[in-house]
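A short write-up of the structure that comes next.
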Amino acid sequence: MIDPNLCRLAADTDRPLWFPGSTPPPWLDGSLCGDFGFDPLGLGSDPETLRWNVQAELVNRRWAMLGAAGIFIPEFLTKIGILNTSSWYTAGEQEYFTDTTTLFIVELIFIGWAEGRRWADIIKPGCVNTDPIFPDNKLTGTDVRYPVGLWFYPLGWGSGSPEKVKELRTKEIKNERLAMLAVMGAWFQHIYTGTGPIDNLFAHLVDPGHATIFNLLQV
């Protein structure tokens with residue numbers, strides 16, 4: 001079983017900070033995975049709020065990884081002729097098997113059900129470990145951020161010493177935060193260029209002297 005407090009190790013006085021030489025707030029003592037002492041607005045000063053923010057960021061980070069994959073991979077495969085998909089930026093304008101209202105309602109039901117179970121797990125860790133359809137399928141962990149089991153850790157990377165697990169989780173957080181920036185960057189790229197990140201990359205590779213952000217902004 002994974003200890004739910006694996007990431008709450010003793011704080012390191014020489015830990016890396018978001019700005020070298022800065023003084024982190026007292027509630028960010030380095031015990032949380034991915035804690036680099038950044039909280040200029042004091043959003044985590046209240047322990048319960050910090051606990052919620054950790055969970056909220058985790059979900060948004062993982063959605064960002066899925067979003068980045070959904071932006072870059074289909075666009076790249078379409079660019080090289082393997083797929084023929086519409087732009088991710090205009091995906092909501094396309095016609096699907098049913099109308100958008102029905103799609104929204106169905107999504108609301110399924111996502112609402114999943115988020116409800118996640119919320120229950122935050123309130124009482126481990127209370128939703130049993131599969132509601134196949135009761136023989138059970139998780140054994142009580143860490144709401146990192147459920148254990150073959151489906152979540154097929155390579156066994158979720159086990160090991162607390163230091164090793166914290167290192168892996170910190171690497172995950174770094175990649176997820178990069179994904180958040182990547183999604184935001186792709187969005188702004190499309191607003192200013194009218195094309196996606198892959199099209200922009202290929203245009204730059206063809207004409208690196210002119211297809212740049214400086215030419216776009218006419219600097």
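No side-chain donor-acceptor contact under 3.5 Å links H204 to the backbone of T212. A donor-acceptor pair is defined here as one N or O able to donate and one able to accept, closer than 3.5 Å; such a pair exists between the side chain of S161 and the backbone of K164.
In this view, D207 and H210 satisfy the side chain to side chain donor-acceptor pair (under 3.5 Å) rule, not counting sequence neighbours. For Q55, there are no side chain to side chain donor-acceptor pair (under 3.5 Å) partners at least two apart in sequence or on another chain. Considering only residues two or more places apart in sequence or on other chains, T193 meets the side chain to side chain donor-acceptor pair (under 3.5 Å) condition with T195, N200.
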What donor-acceptor contacts under 3.5 angstrom involve side-chain atoms of residues 32-39, with partners at least two apart or in another chain?
unit_1 : atom_1 : unit_2 : atom_2 : d
D35    : OD1    : G37    : N      : 2.8
D35    : OD2    : G30    : N      : 2.7
D39    : OD1    : G42    : N      : 3.2
D39    : OD1    : L43    : N      : 2.9
D39    : OD2    : W27    : NE1    : 2.8
D39    : OD2    : L43    : N      : 3.1
D39    : OD2    : G44    : N      : 2.8

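Alongside M65, the hydrophobic cluster contains no other residue (criterion: ILVMFWY side chains under 4.5 Å). Here F110 is tied into one hydrophobic group with V106, each link being a pair of ILVMFWY side chains closer than 4.5 Å. Taking Ile, Leu, Val, Met, Phe, Trp and Tyr as members and joining any whose side-chain heavy atoms lie under 4.5 Å apart, directly or through other members, M180 forms no hydrophobic cluster with any other residue.
A pairwise comparison of heavy atoms in W88 and P197 identifies NE1-CD, 4.0 Å as the closest pair. Residues A120 and C127 come closest through the heavy atom pair O-SG, 3.3 Å. The two residues A69 and P74 come nearest to each other via the heavy atoms O-CD, 3.3 Å.
Counting only heavy atoms from C-beta outward, the side chains of S86 and E93 never approach each other to under 4.5 Å. For the pair L50/P47, no side-chain contact is recorded, criterion being any heavy-atom separation below 4.5 Å from C-beta on. Side-chain contact between F97 and L103 is present, with heavy atoms from C-beta onward closer than 4.5 Å. Within the 4.5 Å cutoff, the side chain of S87 has no heavy atoms near those of the E75 side chain.
If you run side chain to side chain contact (heavy atoms under 4.5 Å, CB included) between F72 and each of L77, L201, I198, only I198 comes through.
Note: the hydrophobic cluster containing L17 does not contain L28 (ILVMFWY, side chain heavy atoms under 4.5 Å, direct or indirect links). Note on M184: it clusters hydrophobically with I71, by side-chain heavy-atom contacts below 4.5 Å among ILVMFWY residues.
Here I80 contributes atom CD1 and I82 contributes atom CD1; the two are 3.5 Å apart, rounded to the nearest 0.5 Å. In this structure, I73 CD1 and L83 CG are separated by 10.0 Å, a value rounded to the nearest 0.5 Å. Separation of atoms CG (N53) and CG (L58) is listed at 12.0 Å; rounding is to 0.5 Å.
When the shell of 6.0 Å around OH of Y96 is examined, it contains more than 12 heavy atoms from other residues, nucleotides or ligands.
Under the salt bridge (Lys or Arg N to Asp or Glu O under 4.0 Å) criterion, the residue pairs touching residues 47-66 are E48-R51, E57-R61, E57-R177, R61-E176, R62-E172, R62-E176, with sequence neighbours excluded. Screening residues 47-68 for ring pair (Phe, Tyr, Trp, His ring centres under 6.0 Å), with sequence neighbours left out, gives W52-W119. Pairs of residues two or more places apart, or lying in two chains, that qualify as salt bridge (Lys or Arg N to Asp or Glu O under 4.0 Å) and include a residue from residues 95-116 are E115-R118. Counting only residues at least two apart or on different chains, the salt bridge (Lys or Arg N to Asp or Glu O under 4.0 Å) pairs with a member in residues 77-92 are K79-D199. The side chain to side chain donor-acceptor pair (under 3.5 Å) pairs that include a residue from residues 182-192 number zero, where partners must be two or more places apart or lie in different chains.
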